[in-house]
Every structure is written in structure tokens, then in C-alpha cells.
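Read through the structure below, which is laid out as C-alpha cells, and then see the notes.
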Amino acid sequence: MMLENMRFERFTQDSRVVFFTGAGISAESGIATFRDPDGHWSKYDPMKLASQAGFREDPELVLGWYADRREAIHKAKPNAAHISISKFQKLFRHSVVITQNVDGLHERAGNRSIYELHGNIHRHKCNSCGKYIELNDMNMRILNRCECGGSIRPDVVWFGESLALETINGAFNAAQNCDLMFTIGTSTQIYPAAQLPFEAQKNGAFVIEINPEATSFSAQADISLRDKAGSILPKIYEEINAQLN
Ligand code: OAD
């Protein structure tokens with residue numbers, strides 16, 4: 001569908017809008033995704049790098065991989081897609097971001113009301129008692145211990161772990177009660193996050209997907225745009241802004 005043919009009259013500045021994002025929104029910032037041909041999971045075994053068993057087996061391999069990713073993220077900048085969301089959030093007062101990303105780029109772009117479903121790579125916590133711990137960059141590649149004796153790890157969700165209850169409940173509530181959802185740059189494969197666009201649509205939301213590739217949600221999306229987030233989202237913003245004002 002052509003952008004100019006999209007009609008947005010049904011929405012107002014009071015519409016409730018959700019931006020649901022995955023690794024693809026950060027791809028144009030130079031941050032690798034997981035399941036694309038050059039993504040992390042095509043090179044590495046996720047169970048070695050993102051699970052309790054992997055951490056137990058070789059903690060410094062795991063910590064080194066997160067430290068490398070953190071360094072790449074430090075060098076990266078939010079891209080046009082993240083920045084467009086900040087503009088959208090000025091237009092739509094009642095809007096939230098639900099992200100599977102741990103890179104913190106939404107926050108750096110000035111987005112607000114952000115649910116980080118899979119945690120944040122810049123935070124650390126104790127693997128036993130859960131206490132948050134500040135580490136300096138020097139210490140991030142070696143195994144540090146909490147006062148309780150537990151191992152310190154990045155505050156990200158690993159395979160087999162549960163998402164923070166308050167965060168996932170808040171995200172489902174926002175998805176079930178929104179009028180418009182953008183699902184951007186996610187392969188829509190990892191549950192419970194992948195349920196969110198289906199949940200939004202089931203409850204009456206209009207759902208627009210942005211992804212250069214088809215996903216398990218594409219056939220059901222109200223509009224599925226095969227494009228890169230950083231090139232299409234600014235154009236959609238201009239179109240909606242023009243139609244609403
Ligand atoms: P994936 O790597 O599974 O999917 C990335 C998606 O982004 C793919 O569908 C790409 O086609 C799309 N994409 C690539 N470049 C894009 C661009 N410029 N604009 C828009 N889309 C683009 O990443 P996620 O769906 O985020 O979990 O993966 C979900 C979770 O799986 C991650 O949070 C991570 C991973 O294991 C944890 O670490 C817990």
C-alpha cells in the first residue's frame with residue numbers, strides 16, 4: 001500500500017498508541033539483530049550466551065559477549081526511527097513504547113513511557129538475590145560477586161527466564177487498550193512478547209507492521225510495510241501529522 005493512500009482520520013491526538021519494537025529498529029544504528037543472516041544467533045549458540053546453563057559453564061565468555069555488545073551500543077546513536085517515535089509521542093499524548101531491545105536507544109532518543117521487556121544491558125544485578133549493582137567498565141568482563149556471594153550478571157532476560165511481572169503486565173495492558181499499534185523490526189517469534197500485536201488486534205487496535213521481511217504476524221497485520229524502519233517511519237509521521245492537523 002502507498003503511504004499517501006493510507007487514511008488516518010479515525011485517529012486523534014487522544015488515540016492510544018503503542019510502538020512495539022525489536023532488534024530491527026536498531027539495525028540502522030549499526031547494532032546486530034538476532035535472526036537475520038548476519039545476526040547473533042546465526043553465529044553463536046544462544047544457549048551458551050543467554051541462559052543460566054551457559055553462564056554457569058563459562059561466565060567470562062558470557063560477560064565478554066555482553067561487554068562487546070555494550071561497547072558497540074556506546075558507539076552507536078539512535079536512528080531516524082527512534083527519533084520519529086519521539087515526534088509521534090508529542091503528537092499522541094497517550095503513547096508508550098514496548099521494546100524487546102536491551103540497548104537503551106529509545107531512552108537516548110528521548111522516547112518516554114518505555115517498557116523494556118527483556119531488561120537493559122547497561123544494568124547489572126546479582127544472579128542470586130537480584131540486587132542491582134553498579135560496575136565500572138573495567139570490571140564488566142570478569143566475574144564479580146555480590147555481598148551475598150551470588151554472581152553478578154547483566155540485567156537482561158535469558159532463555160528459560162521469566163519477564164518482570166510488572167513490566168509484562170503493563171505492556172499487555174497497554175497493547176490490549178490501544179487504538180493503534182506499530183510493530184517495528186521484530187521477527188515476532190519470542191513469546192510472550194510476540195503475542196502483543198495479536199493481542200492488540202484482537203482487542204480492536206489497528207496494527208501497522210514495519211519490516212523488510214515477512215513475519216508470522218504479516219498476514220494478519222492491517223498494513224504490513226516491507227521497508228526499513230529508519231526510512232519509512234519518518235514518512236509515516238509526516239503523513240499522520242499532516243492528516244491530524
Ligand atoms: P530478530 O533478530 O528475531 O528479528 C529482527 C527483525 O528485524 C527481523 O524480522 C528483520 O527482518 C527485521 N529488520 C532488520 N532490519 C530492519 C530495519 N532496518 N528496519 C526494520 N526491521 C528490520 O529480533 P527480535 O524480534 O527483537 O531476546 O528478537 C526477539 C528476541 O529474541 C530478542 O529480544 C532477544 C532474542 O533472543 C533476548 O535476548 C531475551
Side-chain angles (χ1 to χ4, degrees), residues 19-55 62-63 65-66 68-70 72-73 76-85 97-106 109 114-123 125 153-164 167-168 171 181-198 208-221 223-237:
F19 298 89
F20 172 54
T21 68
I25 197 171
S26 296
E28 288 155 90
S29 294
I31 299 174
T33 64
F34 296 92
R35 293 175 186 79
D36 285 305
D38 56 349
H40 297 296
W41 300 155
S42 57
K43 295 187 210 148
Y44 310 113
D45 176 355
M47 290 307 146
K48 291 212 181 306
L49 296 172
S51 76
Q52 284 290 350
F55 187 52
V62 173
L63 295 171
W65 181 66
Y66 281 99
D68 290 345
R69 285 178 61 197
R70 212 173 284 118
I73 292 165
K77 289 195 193 73
N79 65 53
H82 299 101
I83 292 163
S84 291
I85 293 178
V97 176
I98 304 175
T99 189
Q100 296 161 88
N101 300 346
V102 298
D103 58 28
L105 288 184
H106 283 296
I114 306 166
Y115 293 92
E116 290 181 319
L117 297 177
H118 296 161
N120 189 306
I121 198 168
H122 305 294
R123 273 195 314 264
K125 68 177 183 186
R153 57 169 280 185
D155 185 19
V156 297
V157 175
W158 284 335
F159 287 97
E161 293 184 327
S162 304
L163 281 60
T167 311
I168 190 69
M181 176 186 269
F182 290 91
T183 174
I184 308 166
T186 176
S187 58
T188 327
Q189 288 191 36
I190 296 298
Y191 286 79
Q195 187 65 31
L196 290 166
F198 295 94
I208 302 176
E209 178 182 65
I210 298 173
N211 197 312
E213 308 290 333
T215 74
S216 58
F217 182 70
S218 300
Q220 204 170 317
I223 300 176
S224 187
L225 298 165
R226 292 279 161 277
D227 213 329
K228 292 185 173 181
S231 60
I232 194 86
L233 209 53
K235 294 182 195 152
I236 301 176
Y237 169 77

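Both ligands and their constituent atoms are indexed starting at 1 by order of listing. No hydrogens, no waters, no symmetry mates; every other heavy atom, side chains included, goes into these values.
Rounding to the nearest 0.5 angstrom, the gap separating the CD1 atom in I210 from the OG1 atom in T186 is 13.0 Å. Note that CD1 of I168 and NE2 of H118 are 7.5 Å apart. Values are rounded to the nearest 0.5 Å. A distance of 9.5 Å separates CZ of F34 from CD1 of I190, quoted to the nearest 0.5 Å. For the atom pair CZ of R70 and CH2 of W65, the computed distance is 11.0 Å after rounding to the nearest 0.5 Å. Between the CZ atom in F20 and the CD1 atom in I184 there is a gap of 10.0 Å [rounded to 0.5 Å]. One finds the CG atom of D155 at 9.0 Å from the CD atom of E116 (value rounded to the nearest 0.5 Å).
Each of the atoms 29 (C), 30 (C), 31 (O) of ligand 1 lies under 4.0 Å from some heavy atom of I190. Counting atoms of ligand 1 from 1 in the listed order, those under 4.0 Å from a heavy atom of E213 are 11 (O). Close approach to G22 involves these atoms of ligand 1, each under 4.0 Å from a residue heavy atom: 26 (O). In the vicinity of A23, heavy-atom distances shorter than 4.0 Å reach the ligand 1 atoms 23 (O), 24 (P), 26 (O). Here is the list of ligand 1 atoms found below 4.0 Å of a heavy atom in A27: 15 (N). Taking a cut-off of under 4.0 Å to the non-hydrogen atoms of Q100, the atoms of ligand 1 that pass are 29 (C), 33 (O). Each of the following atoms of ligand 1 lies closer than 4.0 Å to a heavy atom of E28: 17 (C), 18 (N), 19 (N). Listed by atom number, the atoms of ligand 1 under 4.0 Å from T33 heavy atoms are 2 (O).
Residue-ligand proximity: V156 is placed with every non-hydrogen atom at 4.0 Å or more from ligand 1. For the ligand labelled ligand 1, residue W41 lies inside the 4.0 Å heavy-atom shell.
Of the protein's non-hydrogen atoms, the one nearest atom 25 (O) of ligand 1 is T186 OG1, 2.7 Å. The protein atom (non-hydrogen) at minimum distance from atom 27 (O) of ligand 1 is H118 ND1, 3.5 Å. For atom 13 (N) of ligand 1, the nearest protein heavy atom (residue, atom name, distance) is G24 CA, 3.6 Å. Here the protein heavy atom with the shortest distance to atom 14 (C) of ligand 1 is D36 OD2, 3.4 Å. Given atom 32 (C) of ligand 1, the protein heavy atom at minimum distance is F34 CE1, 3.7 Å.
Polar contact check, K228 against ligand 1: no nitrogen or oxygen pair lies under 3.5 Å apart. Close N/O approach between N101 and ligand 1 is not found [any backbone or side-chain N/O within under 3.5 Å]. Considering backbone and side-chain N/O of S187, one or more are found under 3.5 Å from N/O of ligand 1. Note: an N/O pair closer than 3.5 Å links R35 and ligand 1 by distance alone.
Contact of the H82 side chain with the T21 side chain is not registered, since no non-hydrogen atoms from C-beta on lie closer than 4.5 Å. Counting heavy atoms from C-beta outward, W158 and V62 have side chains that approach closer than 4.5 Å.
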Test R69 against V102 for side chain to side chain contact (heavy atoms under 4.5 Å, CB included), laying out the working first. CA-CA 10 Å; R69 285 178 61 197; V102 298; 3.6 Å; yes
Check against side chain to side chain contact (heavy atoms under 4.5 Å, CB included), T215 and T183: CA-CA 11 Å; T215 74; T183 174; over 6 Å; no
Checking side chain to side chain contact (heavy atoms under 4.5 Å, CB included) for the pair L117/T167: CA distance, chi angles, key distance, verdict? CA-CA 6 Å; L117 297 177; T167 311; 4.2 Å; yes
Please step through side chain to side chain contact (heavy atoms under 4.5 Å, CB included) for the pair T188 and F198, ending with a clear verdict. CA-CA 10 Å; T188 327; F198 295 94; 4.1 Å; yes
Please report the C-alpha distance between R226 and S224 in whole Å, then the side-chain angles of each, then the deciding distance to 0.1 Å, and finally whether the side-chain hydrogen bond (donor to acceptor under 3.5 Å, both in side chains) criterion is met. CA-CA 7 Å; R226 292 279 161 277; S224 187; 3.1 Å; yes
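Which of A193, G39, G185 comes nearest to atom 7 (O) of ligand 1 through a heavy atom is settled by distance: it is G185. Proximity annotation for atom 12 (C) of ligand 1: of N211, L49, L163, N211 comes nearest, heavy atoms only. Residue nearest to atom 21 (N) of ligand 1, selected from A229, A50, P212: P212 (by heavy-atom distance). Scanning V157, T99, L233, L117 for the heavy atom closest to atom 38 (O) of ligand 1 points to V157.
Between K125 and E161 there is no salt bridge, since no side-chain nitrogen of the basic residue lies less than 4.0 Å from a carboxylate oxygen of the acidic one.
Using a 4.0 Å cut-off between heavy atoms, W158 makes no contact with ligand 1 at all.
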